[in-house]
Amino acid sequence: ARQSRLFSPTDEQLIRPLSVKQQNGEALRPVTVALDPDLFFQWKNGKEEGLTSDKKWGQAIEPINNNLDGTPTGHLPNTINRIMAPNEYHLATKAPLPRDLKEMDPKQSTTLNQKYENIPSTPIYDPPKELHKTEQLSPHVESLHLYRQPFHLLNHNKSDSCHPQNHIVFLKTHKTASSTILNILFRYGDSRNLTFALPANMYSQLYYPNFFLPYFVEGVNPRRVTEFHIMCNHMRFKGLEVRKVMPVDTFYFSILRNPLSMMESLFTYYKSTQAFHSFKTLQDFLLDGGQSYNASFPSNHYARNILTFDFGLDNSAPVNKSELVKFSTSLIATVESNFHLILISEYFDESMVLLKHALCWTLEDVVSFRLNSRSEKSRSQGSLCILFPSLGTWAAITVVQHQSTRGVLGPVHGLGMGESPP
Ligand SMILES: Nc1ncnc2c1ncn2[C@@H]1O[C@H](COP(=O)(O)OS(=O)(=O)O)[C@@H](OP(=O)(O)O)[C@H]1O
């Protein structure tokens with residue numbers, strides 16, 4: 001499926017919300033992004049509008065129309081109000097408790113929670129009038145205003161200058177060039193003495209594959225408010241919980257990769273997992289069609305729809321096409337309402353340009369070396385494309401997730417860079 005490009009926005013237009021005039025279609029014309037013969041998204045005025053066959057957006061997994069966890073989404077002073085009710089501890093039974101929390105007297109933290117309940121809350125963020133117009137483009141955007149600030153308000157002020165964004169969550173997905181980005185973030189934060197929300201007990205990951213919880217972060221403590229700047233280690237994303245730790249003006253971004261090359265990378269790296277170990281090649285694994293797959297084995301989630309899993313959604317494949325359409329619609333809505341920017345690793349350089357603009361950083365800040373690369377001999381010699389149909393059956397959600405994001409990066413062509421993402 002080819003993408004039809006009817007407009008070429010500038011990079012300014014890519015990273016700022018459209019003006020009311022543009023939203024009315026006066027400056028930009030709609031673009032149709034053809035994804036899959038069966039899935040067409042309307043790309044209008046810089047925003048995806050949903051499936052043309054079914055204009056309704058699916059419900060996001062989280063109750064995003066409410067005030068989420070029932071607590072105010074104010075800036076740091078309120079964070080203390082929202083961190084770790086003692087009854088949340090049992091939720092992550094699989095992860096060993098960080099030391100501090102094991103030692104915490106539950107009675108004491110209950111008292112603390114009662115105490116914090118009396119702290120006056122900051123009003124929920126009130127979107128400026130102009131943005132209400134944007135909400136008409138896709139209904140779920142409305143809920144977005146409840147808990148994260150629109151992109152342009154993060155670092156652009158009225159005089160059109162910008163200041164560097166220092167509150168950042170990077171959802172580190174697997175085998176997507178995420179270590180290269182991690183390195184960029186570490187270097188940026190380190191040189192500016194920023195505080196990282198690192199995994200407790202010197203773990204390398206935020207207790208992945210458990211769903212993220214605030215106490216997975218070193219230094220999170222209901223008795224003390226820490227201003228975290230950057231969270232970027234592997235986690236299974238749960239927006240509701242991440243937002244308890246990070247300031248309200250945090251910029252959320254992540255990265256995806258072509259599902260086939262990502263699958264080959266996963267297959268090589270996680271060869272010892274039960275799902276992969278009896279197969280000699282990725283082709284053998286995909287042709288098996290999941291007959292020998294058992295989701296209950298530890299680490300087998302790496303073998304199926306890992307991107308969907310990392311974003312905190314259900315990675316088991318929907319059984320039929322209409323379920324897939326419903327699920328993918330809801331998946332895209334969830335990703336879009338939690339993240340300001342999704343990058344694509346095949347377009348790494350272009351992605352870095354977008355990131356640089358979005359964060360108001362310098363070019364030097366986003367310069368990197370390629371990290372975590374496989375040896376040439378572990379790469380398939382021929383084209384992987386012949387495996388696409390079997391991958392589409394096995395990991396349909398990831399394929400849809402990646403295809404839909406091609407639409408997001410589609411306007412990069414307006415910057416005069418590169419060809420259509422593979
Ligand atoms: N700059 C850039 N552009 C494109 N691709 C890149 C880049 N940097 C790293 N890579 C490739 O990303 C793969 C490693 O991904 P991760 O670092 O996310 O892996 S991990 O999950 O943290 O282990 C790994 O892919 P494979 O080599 O196919 O395994 C890297 O080669």
Side-chain angles (χ1 to χ4, degrees), residues 169-188 196 198-199 203-209 212 230-237 253-273 275-276 281-283 285-286 299-312 315 339 341-356 361 363-385 387-388 391 395 398 401-402 405-406 409 412 417-422:
V169 167
F170 169 57
L171 174 61
K172 188 177 189 301
T173 44
H174 285 84
K175 297 295 160 201
T176 52
S178 63
S179 304
T180 304
I181 296 180
L182 193 79
N183 189 262
I184 292 173
L185 293 169
F186 280 159
R187 197 183 62 214
Y188 181 88
F196 285 87
L198 293 172
Y203 273 39
S204 62
Q205 308 187 346
L206 288 156
Y207 290 79
Y208 185 88
F212 177 85
I230 301 178
M231 184 187 284
C232 54
N233 292 79
H234 280 303
M235 67 168 130
R236 188 167 190 205
F237 188 76
F253 78 103
S254 188
I255 184 163
L256 310 182
R257 179 177 178 186
N258 176 303
L260 258 185
S261 51
M262 185 179 68
M263 197 72 194
E264 195 189 47
S265 181
L266 286 161
F267 184 80
T268 311
Y269 194 80
Y270 296 105
K271 189 70 178 62
S272 58
T273 57
F276 290 144
T281 64
L282 175 61
Q283 181 164 10
F285 171 76
L286 289 176
S299 300
N300 270 7
H301 64 280
Y302 290 114
R304 188 170 218 184
N305 294 317
I306 180 70
L307 283 176
T308 318
F309 184 90
D310 288 352
F311 275 83
N315 66 326
F339 291 86
L341 184 62
I342 301 291
L343 308 175
I344 293 200
S345 72
E346 289 77 27
Y347 269 54
F348 195 84
D349 293 343
E350 291 86 341
S351 293
M352 289 304 105
V353 172
L354 284 181
L355 188 67
K356 164 196 167 309
W361 285 9
L363 192 58
E364 205 177 303
D365 292 331
V366 294
V367 167
S368 65
F369 287 109
R370 187 187 186 109
L371 296 178
N372 222 1
S373 201
R374 262 181 302 150
S375 67
E376 280 312 309
K377 72 170 190 282
S378 67
R379 290 176 200 280
S380 65
Q381 300 309 307
S383 165
L384 277 174
C385 288
L387 298 181
F388 208 81
L391 179 76
T398 293
Q401 192 173 353
H402 183 262
T405 314
R406 288 198 315 184
L409 267 190
V412 169
M417 297 185 294
E419 281 306 304
S420 190

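Just so it is clear, the structure is predicted and the values come from calculations on it, not from any experiment. Order of appearance sets the numbers: ligands from 1, and atoms from 1 within every ligand.
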Exercise. Please work out whether the ring planes of F285 and F267 are parallel, tilted or perpendicular, with thresholds of 30° and 60°.
Key: tilted
Quiz item: Do we get R304 above F309's six-membered ring, with its NZ or CZ under 6.0 Å from the centre and within 45° of the axis?
Solution: no
Quiz item: Nearest heavy-atom pair of F170 and L182: which atoms, and what distance?
Solution: CE2-N, 4.4 Å
Quiz item: Between F186 and F196, is the gap from one ring center to the other below 6.0 Å?
Solution: yes
Exercise. Tell me the residues surrounding ligand 1, counting only those with a heavy atom closer than 4.0 angstrom, sorted by chain and number.
Key: K172, T173, H174, K175, T176, A177, S178, S179, T180, H234, R257, S265, S345, F348, R370, L371, N372, S373, R374, R379
Quiz item: Parallel, tilted or perpendicular for F237 and F339, by the 30°/60° rule?
Solution: tilted
Quiz item: Which residues pass the salt bridge (charged side-chain N to carboxylate O under 4.0 Å, His left out) test with R187, sequence neighbours left out?
Solution: none
